[in-house]
Structures are given as structure tokens and as C-alpha cells.
Amino acid sequence: MTAKRPNNKRPALLSRTRPPTVQKKHAALSAKATRTLIRSHHTLLKQRAQALRSGDHALVGRIDAEISENGGLESYQIASKLGQSLDRGGDSSKVLVDWISPRLSPLKTKGFKLRVLEVGALSTRNAISQNAVLDVTRIDLNSQEPGILKQDFMERPLPSGDGDRFHLVSLSLVLNYVPDPFGRGEMLKRCVAFLTKAPPPDSSISIVPSLFLVLPAPCVTNSRYLTQQRLQEILTTLGFSLTKNKQTSKLIYQLWNFVGNREPKNFKKEILNPGKTRNNFAIVVKSGSS
């Protein structure tokens, strides 16, 4: 018997959508094998989320077994690390550091650091971690090394004061990991709560709170339900303004300044770009949800 869905839908915690971690030794992966593993893992997670929503716990168990057979979350993270290595296209945070370098230069002599929250952190040795004027807090569901806090962003306590907020939130290849369109919208909304609104102590320093967003290019360029225009509409109503944009054959990098002009609006899952070969990536936003 299929379980009834609740009327008041709440976003699932990220930790609930990820299967149990499996410890397993891995041989070196080729670039092709890395891409295949990552794609397979995302597909299985989407199927798992659908099974959870429908209450099919037997199917959830079978999918978990298949994910475990493939190496589980640890295997996915190893593939992701390989994908960020220099011989596989490099560290995505290098793009971020290049973009914000004009903001960082004046800070070197001021003794002031920008607070950064890196969601889904895989390494403590990437570009943002190596910059002396960035104070980086790293979190991930399955911490791979010391210096990365094991934490679900959707469970992270909301800031009680400005000291708990950040000048920059990084979502690099994180939003696409959330298997539910509604959960993706809630994640973007939650980022706003973690961005500081307070001015820096030195009036000569100009700081704009920002969101760094990285997505696989097909999520935006080849989706039935999401286009660049719709993504811009969603983030604009949340109070963001696009300041930097870069697209490669595989990834889309964007830097959004938080300007604070929020206009709550609902965005539903609707076909914007029809086609049989397109994917189903979508972002759903409900203005009244939290």
C-alpha cells in the first residue's frame, strides 16, 4: 500500500536523502570512470528520493544495496575529488578567488578577513582555503578530513547574531545533489539567512555579501524545467543580483551579490524547454515556506 503524502510538505534533510556511507578501498579512476560513477550516483539518489516519497521502503533498500555495491558516498566523494584535481579541470574555487580578488586586495593591510561558508567541502587545500584573507568554515555530510565539519546545511542552526553569519556562501556542485526540486529552493532561501548584513568595522572596506553557485551545465542548458532566465528570476526574487557568470562545456559558475531587494514569489515545476532528450532538473520555490 502506498503511503499518503502529507499536505504540508517540508524539505527533506540532506542527510536523509543520502544513503549510508560505505568504507571501501578504491583503485585509481580514469576520467571516464569518474564521470560515470558520479552520474550513476546522482541517478540512484533521485530514484531513492522518489521511492522515499512514495513510501516504497523495499525499493529504498534495493537502491541502497546498489549504491553500497558501487562504493557508497565515500566512492562518490573520491570521484568528486578526482574531478576537481588539476588534471581533471581543476578546483572550482579558483574561479571564485579570481572573481573576488579585487575585493580581497584592500583587506591584506586591514587585518580583516571575509568569512566564508563552504557547503559540501571536499578539501582543506583548495584555493579559498589557501587565501590568507578568507576565514573558511567547511561543512559536509561525510567529512573526509580534519578541518571539515560533519554537518547537514539544512540542519545547521540559524545564526543567532551577525558573528554566525558569512560574507560569502559557496554552493559548488551542491544544489544539484539535492534530489528534490522543493529542497533545492529551500536551500537557496536558507543561504540568505547565513549572509551578513552588517557593514565591516572599517568604513574604507566595501563588502557585498555573495553566493557562489556552481552547477553542471546541463542542469541549466538542457533541462525541461530550468533555464538561465528562470534561474535568474528565482535568485533575483530572493534578493540576489548576478555579477559574474562563466560557462564551460561541463559547468556553469555564477557569483550572486546579495542586494536585499527580496520579492517573495512562487516558482513551480513547469515545462519551459520541451524536448525528449532534455533532463528533469528543476527548482521549486514556495514563498511562504521556511
Side-chain angles (χ1 to χ4, degrees), residues 10-24 26 38 41-42 45 67 71-85 91-97 100 104 112-180 183-184 186-198 207 209-215 255 258 290:
R10 293 180 63 83
L13 299 176
L14 292 181
S15 53
R16 196 168 170 269
T17 64
R18 286 192 180 185
T21 301
V22 175
Q23 299 298 325
K24 189 175 181 180
H26 299 269
I38 291 173
H41 196 68
H42 280 277
L45 283 179
I67 291 173
L73 178 56
E74 183 195 15
S75 180
Y76 169 82
Q77 288 183 312
I78 288 173
S80 297
K81 281 187 175 182
L82 286 172
Q84 291 192 22
S85 63
D91 165 22
S92 63
S93 74
K94 288 185 64 178
V95 175
L96 172 60
V97 172
I100 65 174
L104 302 182
F112 183 79
K113 291 188 176 185
L114 294 188
R115 298 190 300 276
V116 179
L117 176 62
E118 185 182 13
V119 182
L122 294 174
S123 173
T124 59
R125 296 176 295 278
N126 58 359
I128 56 173
S129 298
Q130 299 300 315
N131 194 291
V133 295
L134 296 179
D135 180 11
V136 184
T137 297
R138 309 169 194 85
I139 65 173
D140 189 65
L141 293 179
N142 183 46
S143 174
Q144 291 288 290
E145 57 183 88
I148 301 176
L149 176 65
K150 184 176 182 179
Q151 186 179 67
D152 186 332
F153 176 60
M154 302 306 290
E155 281 191 300
R156 184 179 177 89
L158 291 172
S160 59
D162 200 65
D164 297 327
R165 297 189 179 95
F166 300 86
H167 301 98
L168 193 149
V169 174
S170 173
L171 295 182
S172 179
L173 298 176
V174 172
L175 194 67
N176 55 295
Y177 199 99
V178 181
D180 178 73
R184 295 171 195 142
E186 290 298 294
M187 176 174 276
L188 290 176
K189 290 168 60 178
R190 192 173 179 83
C191 287
V192 174
F194 284 90
L195 289 170
T196 180
K197 287 82 176 175
I207 300 297
S210 304
L211 169 67
F212 180 57
L213 180 65
V214 183
L215 286 169
L255 184 65
F258 183 69
S290 58

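What's counted below: heavy atoms across the whole structure, side chains too, no hydrogens, waters or symmetry copies. Computed from a predicted model, the values in this text were never measured in an experiment.
Of all heavy-atom pairs between Asp140 and Gly120, the closest is OD1-CA, 3.2 Å. Closest of all the heavy-atom pairs between Val116 and Leu134 is CG2-CD2, 4.0 Å. Minimum interatomic distance between Ser92 and Ser172 (heavy atoms only, all atoms of both residues): OG-OG, 2.7 Å. The heavy-atom pair separating Arg138 from Ser123 by the smallest distance is CD-O, 3.8 Å. Residue Ala132 comes nearest to Lys113 through the heavy atom pair O-CE, 3.0 Å, listed as atom of the first residue, atom of the second, then distance. Residues Arg184 and Val178 come closest through the heavy atom pair NE-O, 2.7 Å.
Between atom CD1 of residue Ile139 and atom CZ of residue Phe153 there is a gap of 6.5 Å, rounded to the nearest 0.5 Å. Distance CD/Glu155 to CZ/Arg190: 9.0 Å, rounded to 0.5 Å. The distance from atom CD1 of Ile128 to atom CG of Leu104, rounded to the nearest 0.5 Å, is 11.0 Å. Rounded to the nearest 0.5 Å, atoms CD1 (Ile100) and CG (Asn131) are 7.0 Å apart. With values rounded to the nearest 0.5 angstrom, Leu117 atom CG is found 7.0 Å from Phe194 atom CZ. If you take CG on Leu213 and CG on Leu96, they are separated by 11.5 Å, rounding to the nearest 0.5 Å.
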I'd like to know whether Val97 forms a side chain to side chain contact (heavy atoms under 4.5 Å, CB included) with Gln130, so could you lay out the CA-CA distance, the side-chain angles of the two residues, the decisive distance to 0.1 Å, and finally the verdict.
CA-CA 10 Å; Val97 172; Gln130 299 300 315; over 6 Å; no

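A donor-acceptor pair under 3.5 Å is absent between the side-chain atoms of Asn126 and the main chain of Asp91, judged by distance alone. A donor-acceptor pair under 3.5 Å is formed between the side chain of Glu145 and the backbone N or O of Thr124.
Applying the side chain to side chain donor-acceptor pair (under 3.5 Å) criterion to Ser210, with sequence neighbours excluded, gives Arg103, Asn257. The salt bridge (Lys or Arg N to Asp or Glu O under 4.0 Å) search around Arg165 returns Asp162, not counting sequence neighbours. When the side chain to side chain donor-acceptor pair (under 3.5 Å) test is applied to Arg156, the partners found at least two apart in sequence or on another chain are Gln151. For Phe258, the ring-ring contact (aromatic ring centres under 6.0 Å, His included) criterion is met by Phe240, not counting sequence neighbours. Looking at residues two or more places apart in sequence or on another chain, you find no ring-ring contact (aromatic ring centres under 6.0 Å, His included) involving Phe166.
Side-chain contact between Val214 and Val95: absent, with no pair of heavy atoms (C-beta onward) separated by less than 4.5 Å. The side-chain heavy atoms of Val133 and Leu114, taken from C-beta on, include no pair separated by under 4.5 Å. In this structure, Glu118 and Ile148 have side chains that are not in contact, with every pair of non-hydrogen atoms separated by 4.5 Å or more.
The aromatic rings of His167 and Phe112 sit perpendicular, their planes meeting at an angle over 60°, well past the 30° parallel limit.
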